[in-house]
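Working notes, structure below.
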Amino acid sequence: MYKLLKKSGKVRRGEFTTPHGIIQTPVFMNVGTQGVIKGAVSSMDLKEINCQVELSNTYHLHLRPTDKVVRQMGGLHKFMNWDRPILTDSGGFQVFSLAAMRKIKEEGVYFNSHIDGKKIFMGPEESMQIQSNLGSTIAMAFDECIPNPSTKEYVVDSVARTTRWLERCKIEMDRLNSLPGTVNNKQMLFGINQGGTDADIRIEHAKTITKMNLDGYAIGGLAVGESHEDMYRIIDAVVPHLPQDKPIYLMGVGYPSNILEAVSRGVDFFDCVLPARNGRHGHVFTSDGKINIMNAKFELDAAPIDEGCQCPACKHYTRAYIRHLFKAKEMLAMRLCVLHNLYFYNKLMEDIRSAIDNDCFEEFKAEKLAKWNENA
């Protein structure tokens, strides 16, 4: 259940009650594709850096260790030792990212595994069954994330199929949640709005899926190559046509500036691999903008990554030391920078919520963007 605590213009501050706890929104979900954050970050670390929601991927966990193994181990929460909410992506993004290794049919998608080439089939029912075995808090509907640009004819056909798939997902999830022995029989379902960069198609699709009364709604198929201007234009068009009493999730976004812009347009949920991926390569976010810790100017820098930051890296180590770890190819370098970046994102969301609570979000946003742009 989504409870709107405060609204200022389009900006929303809420609480989303789930079977695994209350999520304070706006929120950034920390991406652990295979049930773990890349960079040697544990579920205990996630608690220390104030992660509210962990996100894992249906397709990847289906391949290994397999969803059946996870189910036998008591579900993903127990398997990875995490008692807070988990959202599982449906595998729909792999329809986009593995375009050279799949065929889309009405019944679903035929893949070749990116690991060993083995043939895999995943449709709406299979995606729901896998996510039910994982026992995640929130399951995402199976959809097609279309490439940009695509022809209007392709977009229309794809969106219609995504709608039919969503109907099948809802029926199958209701069935699975009614079965005895289901890992999480209160599993929630989020639908996904698609339509590329065509605002009219997006709006019609939003109106259609709103009628299904789902637990939440996502805007998918953005941050896949279109301009930031196009992304913001689509968010502006779609959000008013999604239920205002349900959480709204912008999938795969993004940079801190993107998050601020999307919050100002009414978005509640975010996720992106970017902070962890950047951290593994020594690119770290600070209150003054992003820096590359491997630059020579940090060789003798005794300051933390970001002054005033309370993450485990900044509390205990210097830029000079972390740079040395990267140069020496030590794993601790990646771990510390991933921890820092995820803490930075989680703290940014906490500060956003506080700014909304205190009626100063627009000032907060303007100040942050000005500083980041100045040091870009």
Side-chain angles (χ1 to χ4, degrees), residues 18-21 23 29-47 51-95 97-98 102 108-143 168-170 172-190 192 215-216 218 249 251 271 273 276 342:
T18 80
H20 297 104
I23 302 167
M29 299 182 282
N30 296 179
V31 181
T33 300
Q34 306 196 70
V36 63
I37 308 287
K38 283 186 180 177
V41 172
S42 73
S43 52
M44 300 302 100
D45 293 322
L46 289 181
K47 288 196 172 181
C51 169
Q52 290 194 78
V53 188
E54 188 272 347
L55 185 152
S56 289
N57 184 270
T58 296
Y59 165 82
H60 289 280
L61 289 171
H62 175 57
L63 293 185
R64 61 184 177 200
T66 78
D67 50 291
K68 291 184 171 62
V69 165
V70 175
R71 180 187 174 114
Q72 286 179 270
M73 295 303 295
L76 190 55
H77 282 90
K78 192 171 180 184
F79 192 47
M80 66 177 288
N81 191 25
W82 176 252
D83 58 4
R84 294 179 184 177
I86 295 175
L87 183 145
T88 42
D89 192 359
S90 66
F93 183 72
Q94 278 64 47
V95 178
S97 64
L98 301 177
R102 53 80 170 148
V109 182
Y110 294 85
F111 292 94
N112 287 97
S113 164
H114 71 287
I115 298 170
D116 57 11
K118 177 183 169 186
K119 291 187 185 301
I120 303 161
F121 172 75
M122 193 183 293
E125 291 79 12
E126 288 75 16
S127 177
M128 293 301 100
Q129 289 157 17
I130 295 164
Q131 293 183 79
S132 181
N133 283 339
L134 298 174
S136 58
T137 313
I138 300 165
M140 296 304 299
F142 191 64
D143 66 329
R168 287 164 57 187
C169 285
K170 189 172 190 300
E172 182 64 4
M173 170 153 288
D174 289 344
R175 184 187 75 83
L176 291 164
N177 280 349
S178 72
L179 296 177
T182 296
V183 176
N184 171 21
N185 62 11
K186 293 178 180 175
Q187 193 170 39
M188 303 168 121
L189 178 65
F190 279 22
I192 304 174
D215 297 299
Y249 165 26
M251 303 182 77
D271 82 283
V273 298
L342 291 180

>> Does any part of the side chain of Asn30, heavy atoms only, come nearer than 4.5 Å to the side chain of Leu55, both counted from C-beta?
In response: no

> Mind checking whether Ile120 and His62 have side chains closer than 4.5 Å, heavy atoms only?
Replying inline: yes

>> Just by distance, no angles: are the side chains of Asp89 and Tyr59 close enough, under 3.5 Å, to form a donor-acceptor pair?
In response: no

>> Assess whether a salt bridge exists between Lys47 and Asp83, defined as any Lys/Arg side-chain N lying under 4.0 Å from an Asp/Glu carboxylate O.
In response: yes

>> Under the side chain to side chain contact (heavy atoms under 4.5 Å, CB included) test against Asn177, which residue among Met188, Met128, Gln187 passes?
In response: Gln187

> Are the side chains of Asn133 and Val183 in touch, meaning some heavy atoms are under 4.5 Å apart?
Replying inline: no

> Are the charged groups of Arg168 and Glu125 less than 4.0 angstrom apart, N to O?
Replying inline: yes

> Does a side chain donor of either Gln131 or Ser136 reach within less than 3.5 Å of an acceptor in the other side chain?
Replying inline: no

> Side chains of Met122 and Val109: does their closest heavy-atom pair fall under 4.5 Å?
Replying inline: no

> With a 4.5 Å heavy-atom cut-off, do Thr18 and Ile23 have their side chains touching?
Replying inline: yes

> Just checking, is any N or O donor in the side chain of Glu54 or Ser56 under 3.5 Å from an acceptor N or O on the other one?
Replying inline: yes

>> Within the supplied structure, the quantity of interest is the number of heavy atoms (other residues, nucleotides, ligands) at a distance under 6.0 Å from Arg64 CZ; does it exceed 12?
In response: no

>> Is the shortest side-chain heavy-atom distance between Gln129 and Met173 below 4.5 Å?
In response: no

> Are any non-hydrogen side-chain atoms of Tyr110 and Arg102 less than 4.5 angstrom apart?
Replying inline: no

> Do Thr137 and His20 pass the side-chain hydrogen bond (donor to acceptor under 3.5 Å, both in side chains) test, and can you show the C-alpha distance, the side-chain angles, and the key distance before you say yes or no?
Replying inline: CA-CA 7 Å; Thr137 313; His20 297 104; 2.7 Å; yes

